[in-house]
Amino acid sequence: MELPEFPVPPAAGPHAALRAEVRAFLKTALPRGFSEKDRAQSWTGFDAGFSRALGAAGFIGMTWSPDYGGHGRSFVERQVVLEELLAAGAPVAAHWIADRQSAPMILRNGTEAQRREILPKIAAGTCYFCIGMSEPDSGSDLASARSRAERRSDGRWTLSGTKLWTTYAHKSHYMICFCRTSASEVRHGGFSQFLVDLSLPGITIRPVRDISGAHHFNEVHFDEVILPEDALLGREGEGWAQVMAELSFERSGPERFLSSFPLAEAFLRAAPDTEESRRELGRQAAHLMVLRQMSHSVAGRLQAGERPDLHAAIVKDLGADFEQQLPERLRPCLNPLCADDSYRETFDHIRQAAPSYSLRGGTREILRGIIARGLGLH
Ligand SMILES: Cc1cc2nc3c(=O)[nH]c(=O)nc-3n(C[C@H](O)[C@H](O)[C@H](O)COP(=O)(O)OP(=O)(O)OC[C@H]3O[C@@H](n4cnc5c(N)ncnc54)[C@H](O)[C@@H]3O)c2cc1C
């Protein structure tokens, strides 16, 4: 399979000025007292003030038209900005999902009114979205989702059901909710997507703590929630094709291999200058450079208007492997118990978070199924 080359912009190339601009922004915009521990959270760190400042600086909604609050820049420029934010471990979670996948979905499938109403707020870093796909008995097998919206006689919809593992639902304004709208003989038929305003009556959001005790996830229950007619996103019955496209936006970004970058940097600062640590760092840097090249190739394909589902699945799967192995590969070179506090805290956070890397956004087995099908192997 070919992965066409879209060269990583050289350090001194035309993107250098943009890179410098982001670095200068980060120097002043990162919250006071932003610690290595905060940095280790990477794109799961939530800070509404930071997202607002990032929006004001023009670094959200970069590729959309100014008609919708965007900045008309290229996907590669966007990639440059994302790389800098991730390398700094900036707290981008508030707007991340909205910018990465909800806005492109609204741009592609939304009505003109939905675009004009919501996209400028996302670009300003003030409107946050969560992902309403997984349910208590339906994760990998999304087609078994049981949440259901029924059209009422007045054209509005009644939504009932439960979503699970919904990251930052408790801090989001909207969910893009995938649910059944009609019975279908075809397994993937009869689904639709809705823009659900999470302040509507009948919605209960309950926290689900992760392994470290932190509250990112939620269970979101819809008890006969009345949605306005224009809450439908895209076409009724086209939910499956739409949600598959959403997943390729979700999987295609550099956060799929850069969320543990703060650990590599902390190691670089703290590790003894031995042959063993130099060798390990060299090995990890080589993996990282290959992933980066592949990720730029995905950005180039998006720029060309293609749907790089297969390529995105490959980068995400290899990226999860890389990030899960990193703490284990570095540990023999520098025992975290013998290192300074900042390395130990970064190590502990990333080691605890690492098992989730091959679950969030689609599990390893599911991605490998997509890759095998894409390569014609089954
Ligand atoms: C950090 C994190 C954040 C998340 N955020 C969100 C969110 O915001 N919104 C949202 O909707 N979901 C979210 N999820 C949920 C995530 O998408 C699901 O956990 C994931 O899709 C797996 O679903 P499941 O947990 O139901 O596991 P299951 O689907 O039950 O899978 C269990 C195991 O069986 C394997 N398996 C399942 N089917 C097959 C198959 N056909 N062939 C081979 N193996 C198979 C899986 O790979 C896995 O190892 C998040 C998850 C994590 C970890």
Side-chain angles (χ1 to χ4, degrees), residues 40-46 92-102 105 128-147 159 161-180 187-188 191 193-194 196 198 203 205-222 233 239-240 242-251 253 255-256 259-260 312-313 316-317 319-321 323-324 349-373 377-378:
Q41 303 221 11
S42 182
W43 55 285
T44 64
F46 192 106
V92 291
H95 70 274
W96 195 259
I97 288 169
D99 184 46
R100 175 182 71 187
Q101 66 195 80
S102 319
M105 293 300 289
Y128 314 137
F129 271 68
C130 60
I131 303 167
M133 296 185 199
S134 307
E135 300 190 0
D137 297 312
S138 167
S140 303
D141 184 15
L142 204 50
S144 63
R146 284 181 303 188
S147 291
L159 173 64
T162 303
K163 294 289 172 184
L164 189 58
W165 313 122
T166 324
T167 303
Y168 285 128
H170 58 305
K171 297 192 177 194
S172 295
H173 302 97
Y174 291 95
M175 170 192 285
I176 293 188
C177 179
F178 172 79
C179 62
R180 187 159 277 293
R187 189 167 147 67
H188 296 150
F191 289 105
Q193 285 187 304
F194 290 87
V196 179
L198 291 173
I203 302 180
I205 302 177
R206 297 191 194 95
V208 178
R209 304 257 162 213
D210 71 13
I211 192 174
S212 70
H215 173 201
H216 299 281
F217 297 132
N218 297 277
E219 181 187 80
V220 183
H221 185 63
F222 302 105
L233 176 65
W240 185 259
Q242 290 181 199
V243 86
M244 289 298 115
E246 182 177 351
L247 280 169
S248 70
F249 286 120
E250 180 172 349
R251 291 170 178 156
E255 71 271 32
R256 299 303 179 183
S259 47
S260 54
K316 180 179 182 294
D317 184 42
D321 258 3
E323 297 212 291
Q324 285 181 333
H349 178 84
I350 288 176
R351 191 184 45 114
Q352 264 193 342
S356 72
Y357 299 162
S358 57
L359 297 172
R360 62 186 186 187
T363 68
R364 172 168 290 133
E365 290 74 16
I366 294 306
L367 290 170
R368 291 189 181 171
I370 293 171
I371 294 166
R373 270 193 303 281
L377 298 176
H378 83 82

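From a predicted model like this one, the values you see are computed outputs, not experimental measurements. Read the numbers this way: they start at 1 and go in the same order the structure lists the ligands and their atoms.
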Look at the side chain of [X] and the backbone N and O of [Y], then say whether any donor-acceptor pair between them is shorter than 3.5 Å.
X	Y	result
Glu323	Ser260	yes
Lys163	Phe178	yes
Glu246	Ile131	no
Asp210	Val208	no
Arg256	Ala313	no

Quiz item: Which of these, Glu135, Arg180, His221, sits in a side-chain hydrogen bond (donor to acceptor under 3.5 Å, both in side chains) with Ser147?
Solution: Glu135
Practice problem: Could you walk me through whether Thr162 and Glu219 pass the side-chain hydrogen bond (donor to acceptor under 3.5 Å, both in side chains) test, one step at a time? | Solution: CA-CA 7 Å; Thr162 303; Glu219 181 187 80; 5.8 Å; no
Give the residue, atom name and distance (to 0.1 Å) of the protein heavy atom nearest [atom].
atom	result
atom 20 (C) of ligand 1	Leu359 O, 3.8 Å
atom 40 (C) of ligand 1	Ile366 CD1, 3.9 Å
atom 51 (C) of ligand 1	Arg360 CA, 3.9 Å
atom 5 (N) of ligand 1	Thr167 OG1, 2.8 Å

Per-atom contacts of ligand 1 with [X], taking only distances under 4.0 Å to non-hydrogen atoms:
X	value
Met133	11 (O)
Ser134	10 (C), 11 (O), 12 (N), 13 (C), 15 (C), 16 (C), 17 (O), 18 (C)
Thr166	7 (C), 8 (O)
Gly139	21 (O), 23 (O), 24 (P), 26 (O), 29 (O)

For the 3.5 Å polar cut-off, considering only N or O atoms, please tell me whether [X] and ligand 1 meet it.
X	result
Glu365	yes
Trp165	yes
Thr363	yes
Ser140	yes
Arg364	no

Quiz item: His215 vs His170 aromatic rings, parallel, tilted or perpendicular, using cut-offs 30° and 60°?
Solution: parallel
Exercise. Classify the ring geometry between Phe46 and Tyr168 as parallel (under 30°), tilted (30 to 60°) or perpendicular (over 60°).
Key: tilted
[atom] touched by protein (heavy atom, under 4.0 Å):
atom	result
atom 9 (N) of ligand 1	yes
atom 43 (C) of ligand 1	yes
atom 26 (O) of ligand 1	yes
atom 32 (C) of ligand 1	no

Quiz item: For ligand 1, is any non-hydrogen atom under 4.0 Å from Phe217's backbone (N, CA, C, O), its side chain (CB onward), both, or neither?
Solution: side chain
Exercise. Would you kindly specify which portion of Ile131 sits under 4.0 Å from ligand 1, judged on non-hydrogen atoms: side chain, backbone, both or neither?
Key: both
Quiz item: Between Thr44 and Arg360, is any side-chain donor less than 3.5 angstrom from a side-chain acceptor?
Solution: no
Exercise. Say whether Glu365 and Ser140, considering side chains only, have a donor N or O and an acceptor N or O under 3.5 Å apart.
Key: no
Exercise. Decide side-chain contact (heavy atoms from CB on, under 4.5 Å) for Asp141 and Arg187; before the verdict, give the C-alpha distance in whole Å, the side-chain angles of both, and the deciding distance to 0.1 Å.
Key: CA-CA 11 Å; Asp141 184 15; Arg187 189 167 147 67; 2.3 Å; yes
